[in-house]
Amino acid sequence: MVLIILVGMAGYNVWLFDVAHPLYTGSKDENVCLLGLGEDGRLYELNDHFDDYFYVVEESGVSSLLSNISSEYSGIKISRVRRRLFGREVDLLKISGGAEELKRAREVLRRRVGDEYLYEDDVRDTIKYLIDNDITPCSWYSFEGSKVADKNGLSIYRIESLSRVEGGPPLPPIKAISVDMVVISDFGEPDFHRDPVNYLAVYDGDEYHEFMVSGRDDTDIIRGLNEIVKRLDPNVIVSFGGNSFVWPYLVGRGRQLGIKIGLGVLGHEIHQSLYGHFSFFGRINIDLKEYVDDNPIFELKTLEELAEYAGLRIPSTSIDPFSYALFWNDRRQVLIDYVKWRVMAIYKLFWELMEQIFSLSSVTGIPPDYVLTASSGRQAEQYIMRMSRKRGELIPKVLGRRMRSYPGGLVLSPKKGVHSNVAVIDFKSMYPSIIMKYNVSPDTIVKESGGDVDFYEELGIGVRRDIKGILPEIVETLVRERDLVRKMMKEYPRDSPMYKLLDSKQRILKILANTMYGYMGWIAARWYSFEGASLVTYLGRRTIRESIEKARELGLNIIYGDTDSVFIEYDEDRVNSLLRWISEYLGMEAKIDKVYRKVLFTEAKKRYAGLTVDGRIDIVGLEYVRRDWCELARETQYRFVKLVLEGASKNRLLDEFRSIVNEIRSGKVALDKFVIWEQITRDLSEYKANAPHIAVARALSRRGWRIRKGMFIGYVVVKGEGPLYKRSVHYLKADMNKIDREYYIRNQILPVVARVVEPIGINEKTLLSIVEVAGTGLDRFFG
DNA sequence: GGCTAGCGGGG
DNA sequence: GTGTACGCTAGCC
């Protein structure tokens with residue numbers, strides 16, 4: 001890019017959303033392009049030239065190799081540069097040139113010198129282009145350039161200058177459509193080689209468009225999709241499960257029928273790209289399944305859960321994909337109505353979540369097209385890559401590491417029982433604070449003491465003080481940015497689009513700061529540091545231990561503690577002096593997070609229930625919050641927690657237990673309350689043990705279903721002989737009359753109730769005796 | 001009873 | 001494919 005303004009050039013504001021290789025160019029040297037939307041919603045392709053490059057460490061023989069390479073490939077340029085790598089200066093040769101020559105040069109060097117001497121050859125040119133020019137997606141830029149062409153709604157320019165614009169509108173006008181479909185098979189999993197798309201639905205916010213299979217011929221569906229996308233010309237195509245199912249199926253189906261899936265601008269064919277996401281040229285592909293998949297508030301990762309969370313209407317009938325074939329054959333209209341609900345919900349959810357997705361993209365620098373596909377580790381890494389460039393540091397490589405684990409947070413054994421008036425003290429962003437305060441970073445870690453180094457003898461790890469590490473700098477930047485964004489938010493009404501955008505942004509900045517420690521301890525991270533991660537947790541343990549010692553010294557009664565929190569019997573003055581001490585002597589910030597009027601602990605760590613001063617019930621770690629217990633058990637535990645915290649008598653609790661046992665035996669409890677959900681976490685062939693959900697998954701697999709990692713298997717236990725895995729059946733195949741109610745009473749209800757009543761003196765045997773006599777008619781003589 | 005496999009949620 | 005600590009059930013000997 002040059003900064004000369006030529007006569008006859010246009011200058012516009014664009015909201016950039018992607019980087020790619022151009023579809024149309026005015027000259028051969030235009031090899032990258034930015035895609036953006038104007039303030040009027042017009043689509044721009046902004047072409048530019050970018051010389052890709054990589055670095056090589058100057059080892060013996062490299063120079064002669066390079067002179068051979070440069071004489072063989074005329075486009076190659078070589079220059080000497082100095083960069084930093086993990087805080088140390090290194091001299092390197094920078095090799096740049098056209099894609100083809102560069103690829104050949106890389107191959108020669110990899111073979112002859114070794115991969116470990118090359119740097120940034122493993123970073124995509126489009127990514128480097130964004131980073132080197134400090135361009136972040138989902139942000140406004142003003143560009144100047146000359147027009148190359150105008151193609152049916154796509155304006156193509158050659159960029160001459162580009163500069164960031166602050167204070168523009170939150171977003172340009174955006175057109176979105178949602179897509180969902182029905183595919184079925186006579187035998188388990190639909191296969192695109194064989195099974196047509198039966199039904200496809202598109203919603204544009206105004207009209208519902210549907211396409212129906214004709215016999216077993218779905219060519220009109222595939223063509224219809226191409227045509228409707230061309231006609232509606234959306235900027236965003238949103239789906240739920242697009243990257244994992246809809247797009248690969250449609251691409252496969254199109255190949256089978258000899259029809260291109262031309263959903264990109266000007267009919268450009270969709271293709272698979274980074275992290276496996278599908279890319280439509282000029283349009284943003286958003287798959288909302290990826291949003292729920294890495295958000296722990298969603299238990300089963302369904303569209304219904306997401307819709308409920310956003311306050312949308314939930315359909316009266318939800319249909320599991322396992323039952324699509326059944327409904328298609330017997331109750332087709334019900335299925336079609338359900339898909340109609342889905343596609344409309346997907347559309348509405350995009351507008352609800354749009355700000356979050358675009359903020360995540362603008363903060364991390366990953367285009368919105370695959371920012372949700374990228375794992376949180378990759379999101380953090382992309383952010384670090386930008387910062388490293390600004391600091392003149394190389395992007396390191398991931399080579400030769402072995403798995404090692406290190407100790408984590410400190411957890412105290414709780415004092416069993418029900419405690420009154422307990423304050424929960426926690427450290428504000430403990431790990432990010434430690435990273436900043438102690439300068440812990442992959443580039444500051446040393447193994448020897450001496451010089452300007454803080455040395456930790458217990459670990460044999462030191463930290464340089466002469467430079468500020470990249471992670472501390474990043475965390476500081478994130479914290480500072482967040483403060484700024486929070487200040488800006490105050491200038492907008494709470495329901496304005498700008499407020500929503502800024503609120504999403506500040507949340508993402510916080511999440512990103514909290515991710516940095518985990519990132520550093522992740523073996524696949526470019527900036528992996530085993531020592532750095534170990535030091536962070538070590539300092540965390542030291543901080544909490546010292547705080548607990550001080551609290552005891554002050555005469556406070558410690559009930560429990562975990563990693564960055566301490567539960568203390570609340571004595572306002574002494575707790576306040578503890579907080580002051582933490583601030584003054586440890587240089588860390590701690591606060592009272594909440595106060596429990598009552599809190600119940602068993603002997604176990606990481607499991608408790610509390611009643612807060614404002615009347616809310618918190619349940620942590622207990623079965624109530626776990627999906628691998630049936631809903632009946634979870635609800636029952638909640639009732640007992642509430643009773644115990646409210647001070648119910650033992651007799652009252654025993655009566656309650658008796659009545660639940662009787663209710664289950666009466667057969668009045670609905671089937672879905674007995675379903676236990678468990679996740680498939682690996683390939684079915686890798687399981688060594690016989691577990692119920694695996695046995696059920698294997699049965700589904702035999703019936704033709706592809707069991708993928710991440711799927712949830714819902715099953716119930718039925719009457720019969722032998723181990724559980726031999727009498728567990730998929731919930732859709734279960735018969736209400738065959739439910740083993742005694743199993744549920746003894747192995748689901750009894751333990752979860754016992755857990756929360758034992759601390760107040762009711763033992764499991766007492767409950768068991770109720771199970772054994774209740775319903776026999778003798779129970780009224782006992783208790 | 002002692003051990004392992006597997007899972008999920010917490011900080 | 002961010003991290004470690006932990007509790008618990010079921011299967012198996």
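The sequence lines fix the lettering, A, B, ..., with proteins before strands; numbering per chain opens at 1.
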field: Euclidean distance, atom OH of residue A:Tyr624 to atom P of B:dG10 [Å, nearest integer]
entry: 11 Å

- prompt: Listed in order of residue number, which residues of residues 530-546 of chain A have a non-hydrogen atom at under 4.0 Å from DNA chain B?
  reply: none

- prompt: Under 4.0 angstrom, heavy atoms only, what part of the nucleic acid is A:Tyr406 near: base, sugar-phosphate, or nothing?
  reply: sugar-phosphate

message: Can you tell whether the side chains of A:Asp121 and A:Lys397 come within less than 4.0 Å, N to carboxylate O?
response: yes

field: Rounded distance in Å - CD1 (A:Ile297) to P (B:dG10)
entry: 12 Å

field: Atom-to-atom span, OH of A:Tyr519 to P of C:dT2 - whole angstrom
entry: 11 Å

field: For A:Gln637, side chain to side chain donor-acceptor pair (under 3.5 Å) partners two or more places apart
entry: A:Glu623

task: May I ask you to evaluate whether A:Tyr687 reaches the phosphate of C:dG11, defined as a side-chain N or O under 4.0 Å from OP1 or OP2?
output: no

field: For atom CG of A:Leu412 and atom P of C:dC6, their distance in whole Å
entry: 10 Å

Contacting residues from residues 362-370 of chain A, given that a heavy atom lies under 4.0 angstrom of DNA chain C: none

message: Run A:His277 and A:Asp369 through side-chain hydrogen bond (donor to acceptor under 3.5 Å, both in side chains) and show every step you take.
response: CA-CA 8 Å; A:His277 84 286; A:Asp369 217 38; 3.1 Å; yes

- prompt: Restricting to pairs with a member in residues 400-411 of chain A, which pass salt bridge (charged side-chain N to carboxylate O under 4.0 Å, His left out), not counting sequence neighbours?
  reply: A:Arg404-A:Glu531

statement: The correct set of residues in residues 596-608 of chain A placing a heavy atom under 4.0 Å from DNA chain C is A:Ala604, A:Lys605, A:Lys606, A:Arg607

task: Measure from CG on A:Asp293 to P on C:dT2 and round the result to the nearest Å.
output: 12 Å

Pairing residues for A:His419 by the ring-ring contact (aromatic ring centres under 6.0 Å, His included) criterion, not counting sequence neighbours: none

query: Between A:Arg401 and C:dG1, does any side-chain N or O lie under 4.0 Å from OP1 or OP2?
result: no

- prompt: How are the rings of A:Trp527 and A:Tyr519 set relative to one another: parallel (under 30°), tilted (30 to 60°) or perpendicular (over 60°)?
  reply: tilted

- prompt: Counting N and O atoms only, with roles assigned by atom type, does the side chain of A:Glu305 sit under 3.5 Å from a partner on the main chain of A:Thr302, one being a donor and the other an acceptor?
  reply: yes

- request: Give the nucleotide from the list B:dA5, C:dA5, B:dG9 with an atom nearest to the side chain of A:Val411.
  value: C:dA5

query: Any donor and acceptor pair, going by atom type alone, linking the side chain of A:Arg616 with main-chain N or O of A:Leu611 inside 3.5 Å?
result: no

- request: For B:dG8, take OP1 and OP2 only and decide whether either is under 4.0 Å from a side-chain N or O of A:Arg626.
  value: no

- prompt: Side chain of A:Gln379, backbone of A:Ala374: donor and acceptor closer than 3.5 Å?
  reply: yes

query: Are any of A:Thr681's side-chain N or O atoms less than 4.0 Å away from OP1 or OP2 of B:dC7?
result: yes

message: Please give me every residue in residues 710-734 of chain A whose heavy atoms get under 4.0 Å of an atom in DNA chain C, ordered by residue number.
response: A:Pro723, A:Leu724, A:Tyr725

query: When all nucleic acid strands are considered with a 4.0 Å heavy-atom cut-off, which category describes A:Asn747: base, sugar-phosphate, or nothing?
result: sugar-phosphate

task: Any pair with a residue in residues 435-445 of chain A that passes salt bridge (charged side-chain N to carboxylate O under 4.0 Å, His left out), sequence neighbours left out, goes on the list, sorted by first then second residue, please.
output: A:Arg391-A:Asp443

task: Using a heavy-atom cut-off of under 4.0 Å over every strand shown, decide if A:Pro407 touches base, sugar-phosphate, or nothing.
output: sugar-phosphate

query: A:Gln637 has an atom CD; how far is it from atom C1' of C:dT9, in whole Å?
result: 15 Å

message: When you measure from the side chain of A:Lys301 to the backbone of A:Asn295, do you find a donor-acceptor pair of N or O atoms at a distance under 3.5 Å?
response: yes

message: Once ring-ring contact (aromatic ring centres under 6.0 Å, His included) is applied, do any residues pair with A:Phe674, and if so which ones, sequence neighbours excluded?
response: A:Tyr744

- prompt: Separation of A:Lys688 atom NZ from B:dT4 atom P, in whole Å?
  reply: 11 Å

query: side-chain contact (heavy atoms from CB on, under 4.5 Å) with A:Thr136: which residues, sequence neighbours excluded?
result: A:Ser139, A:Tyr141, A:Arg164, A:Arg386

message: Once you apply a heavy-atom cut-off of 4.0 Å, does A:Gly521 come out as touching a base, just sugar-phosphate, or nothing?
response: sugar-phosphate

- request: Just call it for A:Tyr743: base, sugar-phosphate, or nothing, with non-hydrogen atoms closer than 4.0 Å on any strand.
  value: sugar-phosphate

message: On a heavy-atom basis, which atom in A:Glu603 and which in A:Pro414 lie closest, and how many Å separate them?
response: O-CD, 3.7 Å

message: Would you say A:His693 places a side-chain N or O within less than 4.0 Å of OP1 or OP2 belonging to B:dG6?
response: no

query: Reckon A:Asn690 has a side-chain N or O less than 4.0 Å from the OP1 or OP2 of C:dC12?
result: yes

field: Side-chain heavy atoms of A:Val641 within contact of A:Val644, under 4.5 Å
entry: no

- request: Between B:dG9, C:dT9, B:dG8, spot the one nearest the side chain of A:Val625, thanks.
  value: B:dG9

query: Does a donor on one side chain sit under 3.5 Å from an acceptor on the other, for A:Glu758 and A:Asn763?
result: no

Any A:Arg682 side-chain N or O less than 4.0 Å from OP1/OP2 of B:dG6: yes

A:Phe601 six-ring centre to A:Arg607 NZ/CZ under 6.0 Å and within 45° of normal: no

- line: Within residues 371-388 of chain A, the residues having a heavy atom closer than 4.0 Å to DNA chain C are A:Ser375, A:Ser376, A:Gly377

Residue met sooner reading DNA chain C from 5', once A:Trp629 and A:Lys709 are mapped to nucleotides: A:Lys709

field: Distance test, side-chain N/O of A:Tyr560 to OP1/OP2 of C:dC6, below 4.0 Å
entry: no

- request: Nearest whole angstrom, please: distance from the P of B:dG8 to the CH2 of A:Trp677.
  value: 12 Å

query: Of all residues at least two apart in sequence or in a different chain, which pass the ring-ring contact (aromatic ring centres under 6.0 Å, His included) check with A:Tyr743?
result: none

